[in-house]
Amino acid sequence: MSTILVFEQMMVILLLMLVGALTQKIKKIDQSQQQLLSWLVVNVFNPALSISSVLSNDAPGNLTYIAYTFWIAILMYGSFILLGKIVTRWIKDPYESIIWQCMINFPNVGFIGIPVVRGLLGSEYVIYVACFGLVFNVLFYTYGLSLIKDRDHSYKQIFNIGTLSSVCALVLFLFNIRLPYVCAQTLNYLGEVSIALPLMITGMTLAQEKDLKKMLLDGKMYGFTFAKMVIFPLIAGLFMILAHVPQDLQVVSLLMFGMPVANLPLIVLSEKGWPTKLCSESIILTTLLSVVTIPLVFMIYDCLL
């Protein structure tokens, strides 16, 4: 993939985040309205895009590609968990240790990953993001909640709208099932909303940060971002090249490896009364820096190829 194309698409994403930040700054969106928009993205628009993406693809489902994607997703999360355990061995504060593990373990494959992949590769590749999202949901609602020591959680939480829509998309894709025009077009219109809106919401969150200057000068967070979103994706890319993974799946997987920190751990930590400043700042900074790190990863990746 052309590095110029990746850079241009990330500039589009940056502008969409700036639109959201401007909307927040002129006081047109308050906190409760932003939470409602986020809820709609997670529970309506992203699931609709996951399903509609497979309806626009006339080619029959490729079971080999799906199997490749699941194996890569499982290896990705497994390596993140191992890395998180190693990195946090020297952190004495148990709360801080768990927060760092959450930041390392769970990249934002849905909220940010879907619009990035959709913009760079097209809607037909969103199905592979759904595979990563499916593994994310299962892992977070099992291992993630046990890490946070949420004794009140139930494994029934795995069966949420994100998981169910991913499974539905996989079934439609693999069996080449077509929905009636009215249903398909409705899902398509709903899915289109999830391209710009999540990025605008990210910009709104950025505009709310009161200590932005201090956050931008945090050297430790830059080191974390460089390791997680540049070094680690490149190592994964090298392994995928050596393993002869199909090149288009390499591109999707590189994007997933290079995603910023996910929002879901922050929501759960906040609900449990944990300190969330570190997690919140990591989400904002890694999302902002992804505009630079993703093109950088692909520039080096093109050299490796």
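Just so it is clear, the structure is predicted and the values come from calculations on it, not from any experiment.
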State, to 0.1 Å, how close [X] and [Y] come at their nearest heavy-atom pair, and which atoms those are.
X      : Y      : answer
Val297 : Leu234 : O-CD2, 3.6 Å
Pro198 : Val193 : CD-O, 4.2 Å
Ala184 : Leu179 : CB-O, 4.3 Å
Ser97  : Ile91  : N-CG2, 3.8 Å
Ile51  : Ser165 : CG1-O, 3.8 Å
Arg178 : Asn176 : NH2-OD1, 3.2 Å

>> I'd like to know if the side chain of Thr163 pairs up with that of Asn137 as donor and acceptor (distance under 3.5 Å, no hydrogens or angles considered).
In response: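 Distance-only check passes for Thr163 and Asn137.
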
> Under 3.5 Å, is there a donor-acceptor pair between the Tyr77 and Asn105 side chains?
Replying inline: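 Not at all, the side chains of Tyr77 and Asn105 share no donor-acceptor pair under 3.5 Å.
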
Are [X] and [Y] in one and the same hydrophobic cluster, where Ile, Leu, Val, Met, Phe, Trp and Tyr link if side-chain heavy atoms are under 4.5 Å apart?
X      : Y      : answer
Leu22  : Ile201 : no
Val87  : Met229 : no
Leu255 : Met11  : yes
Leu285 : Val292 : no
Ile161 : Leu264 : no

Answer yes or no: is there a side-chain heavy-atom contact under 4.5 Å between [X] and [Y]?
X      : Y      : answer
Phe298 : Leu5   : no
Ile114 : Ser50  : yes
Val19  : Leu15  : no
Val261 : Pro107 : no
Val252 : Asp248 : no
Ile283 : Met103 : no
Phe224 : Thr286 : yes
Phe136 : Val129 : no

>> Under the criterion side-chain contact (heavy atoms from CB on, under 4.5 Å), I'd like the reasoning laid out for Tyr301 against Ile241: C-alpha separation, chi angles, the key distance, then a yes or no.
In response: CA-CA 10 Å; Tyr301 168 75; Ile241 291 170; 4.1 Å; yes

Can you measure from [atom1] ([X]) to [atom2] ([Y]) and round to the nearest 0.5 angstrom?
X      : Y      : atom1 : atom2 : result
Gln101 : Thr88  : CD    : OG1   : 3.5 Å
Ile99  : Ser280 : CD1   : OG    : 11.0 Å
Gln185 : Leu190 : CD    : CG    : 10.5 Å
Cys131 : Met256 : SG    : CE    : 11.0 Å
Phe45  : Leu37  : CZ    : CG    : 8.0 Å
Ile74  : Ser79  : CD1   : OG    : 12.0 Å

Kindly write out the residues that satisfy side-chain contact (heavy atoms from CB on, under 4.5 Å) with [X], not counting sequence neighbours, or none if the list is empty.
X      : answer
Ile177 : Val171, Leu172, Phe175
Lys92  : none
Val138 : Ile158

> For residues 110-119, which residue pairs qualify under side chain to side chain donor-acceptor pair (under 3.5 Å), counting only residues two or more places apart or in two chains?
Replying inline: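 Non-adjacent pairs meeting side chain to side chain donor-acceptor pair (under 3.5 Å): Arg118-Glu192.
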
Checking the side chain of [X] only, and the main-chain atoms of [Y] only, is there a donor and an acceptor separated by less than 3.5 Å?
X      : Y      : answer
Gln250 : Val245 : yes
Ser290 : Thr287 : yes
Lys228 : Gly258 : no

>> Name the residue from Tyr141, Phe140, Tyr143 that meets the ring-ring contact (aromatic ring centres under 6.0 Å, His included) definition with Phe106.
In response: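 Single ring-ring contact (aromatic ring centres under 6.0 Å, His included) partner of Phe106 among Tyr141, Phe140, Tyr143: Phe140.
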
>> Run the side-chain contact (heavy atoms from CB on, under 4.5 Å) test on Met221 and Leu278 for me, step by step, so that the C-alpha distance in whole Å, both residues' side-chain angles and the decisive distance to 0.1 Å come before the verdict.
In response: CA-CA 9 Å; Met221 196 59 71; Leu278 175 63; 3.6 Å; yes

>> Run the side-chain contact (heavy atoms from CB on, under 4.5 Å) test on Leu254 and Met240 for me, step by step, so that the C-alpha distance in whole Å, both residues' side-chain angles and the decisive distance to 0.1 Å come before the verdict.
In response: CA-CA 9 Å; Leu254 271 181; Met240 286 189 287; 4.3 Å; yes

>> So if I apply the side chain to side chain contact (heavy atoms under 4.5 Å, CB included) rule between Phe257 and each of Ile72, Ile235, Val230, which one comes out positive?
In response: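 Answer to the side chain to side chain contact (heavy atoms under 4.5 Å, CB included) test with Phe257 among Ile72, Ile235, Val230: Ile72.
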
>> Taking the six-membered ring of Phe80 as reference, does the cationic atom of Lys85 (NZ for Lys, CZ for Arg) lie under 6.0 Å from its centre and within 45° of its axis?
In response: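 Because its charged atom misses either the 6.0 Å distance or the 45° angle limit, Lys85 does not stack over Phe80.
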
> Got a sec, which residues hit ring pair (Phe, Tyr, Trp, His ring centres under 6.0 Å) with Tyr65, two or more places apart in sequence or on another chain?
Replying inline: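 Counting only residues at least two positions away or on another chain, Tyr65 forms no ring pair (Phe, Tyr, Trp, His ring centres under 6.0 Å).
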
>> Is there a side-chain contact (heavy atoms from CB on, under 4.5 Å) between Ile127 and Ile66? Walk through the geometry before answering.
In response: CA-CA 9 Å; Ile127 182 62; Ile66 293 294; 4.2 Å; yes

> Can you list every ring pair (Phe, Tyr, Trp, His ring centres under 6.0 Å) pair that touches residues 263-282, not counting sequence neighbours?
Replying inline: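 Matches after skipping sequence neighbours: Tyr95-Trp274.
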
